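What you see is a predicted model, and the numbers here were worked out from it, not measured in a lab. Computed from heavy atoms alone, side chains included, the values below leave out hydrogens, waters and symmetry copies.
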Amino acid sequence: MESPEVEYQEEVEVLTAKEHQIVLHNDDVNTFDHVIRCLIRICDQTAEQAEQCAYLVHYHGKCVVKTGAYEDLKPRCLLLLEEGLSAELV
């Protein structure tokens with residue numbers, strides 16, 4: 001049986017390693033081509049990934065387009081917003 005200190009340390013490591021997500025939301029303004037180009041350029045997606053995400057956003061209202069560390073995702077999310085896309089960092 002592990003000591004309480006080791007157990008606590010493992011919990012802290014799990015909490016600090018939490019990944020964040022950029023969620024892209026559907027809108028009635030942007031074209032599929034614009035969304036796809038932005039996802040390729042800003043989120044480092046392949047053309048196929050970007051197209052699939054664009055369709056998921058269109059038909060389901062939202063899609064996680066990038067996961068990772070907050071420090072990496074924040075500037076990417078801001079760039080998506082600057083491009084007129086509806087995105088949030090969670």
Side-chain angles (χ1 to χ4, degrees):
M1 183 170 175
E2 293 183 8
S3 72
E5 289 177 25
V6 172
E7 202 172 300
Y8 176 75
Q9 182 178 354
E10 289 174 359
E11 288 180 28
V12 170
E13 289 172 2
V14 169
L15 291 175
T16 57
K18 178 185 177 208
E19 286 200 331
H20 294 269
Q21 302 174 329
I22 295 176
V23 179
L24 186 64
H25 294 274
N26 192 29
D27 63 44
D28 295 327
V29 180
N30 293 290
T31 65
F32 275 90
D33 287 339
H34 179 64
V35 172
I36 291 167
R37 281 193 304 272
C38 288
L39 292 176
I40 291 170
R41 182 172 49 87
I42 297 169
C43 295
D44 298 325
Q45 292 190 354
T46 66
E48 184 177 28
Q49 288 172 322
E51 186 177 345
Q52 289 174 349
C53 285
Y55 279 106
L56 285 170
V57 168
H58 180 72
Y59 288 110
H60 296 283
K62 64 182 178 178
C63 176
V64 174
V65 295
K66 187 80 173 169
T67 60
Y70 181 85
E71 296 77 22
D72 176 50
L73 298 183
K74 184 176 179 182
R76 294 176 191 265
C77 189
L78 291 173
L79 287 171
L80 291 171
L81 294 171
E82 287 175 11
E83 289 290 339
L85 301 183
S86 181
E88 69 174 328
L89 182 54
V90 294

Practice task
State plainly whether one hydrophobic cluster holds both Leu24 and Ile36, where clusters connect Ile, Leu, Val, Met, Phe, Trp and Tyr through side-chain heavy atoms under 4.5 angstrom apart.
Solution key: no
Handout entry: Same apolar cluster: Val90 and Val64, side chain cutoff 4.5 Å
Key = yes
Problem - Pairs meeting criterion salt bridge (Lys or Arg N to Asp or Glu O under 4.0 Å) with involvement of residues 51-66, two or more places apart - result: none
Handout entry: Residue pair Thr67 / Leu73: nearest heavy atoms and the distance that separates them
Key = C-CD1, 4.0 Å
Practice task
Look up atom CD in Gln52 and atom CG in Leu39, then write down how far apart they are to the nearest 0.5 Å.
Solution key: 11.5 Å
Handout entry: Minimal non-hydrogen separation, Cys43 against Leu80, with atom names
Key = SG-CD1, 4.0 Å
Problem - Nearest atoms (heavy-atom pairs only) where Leu85 meets Asp27 - result: CA-OD2, 4.4 Å
Exercise for the section: Is it possible for you to say whether Leu79 and Leu89 belong to one hydrophobic cluster, with membership spreading through side-chain heavy-atom contacts below 4.5 Å? Expected result: yes
Exercise for the section: Output every pair passing side chain to side chain donor-acceptor pair (under 3.5 Å) with a member in residues 68-89, not counting sequence neighbours, ordered by first then second residue. Expected result: His25-Glu88, Arg41-Glu83, Asp44-Arg76, Asp72-Arg76
Exercise for the section: Can you see which heavy atom on Ile22 is nearest to which on Cys77, and at what distance? Expected result: CD1-N, 3.8 Å
Exercise for the section: List in chain and number order the residues that pass ring-ring contact (aromatic ring centres under 6.0 Å, His included) with Phe32, two or more places apart in sequence or in another chain; answer none if no residue qualifies. Expected result: Tyr55, His58
Exercise for the section: Any chance you could pull the hydrophobic cluster mates of Leu56, using side-chain heavy atoms under 4.5 angstrom and chaining through other members? Expected result: none
Fill in the blank from the handout: Taken in chain and number order and not counting sequence neighbours, the residues that satisfy side chain to side chain donor-acceptor pair (under 3.5 Å) with Gln21 are none
Exercise for the section: Linking directly or through intermediates, with side-chain heavy atoms under 4.5 Å: list the remaining ILVMFWY members grouped with Leu81, chain and number order. Expected result: Leu78
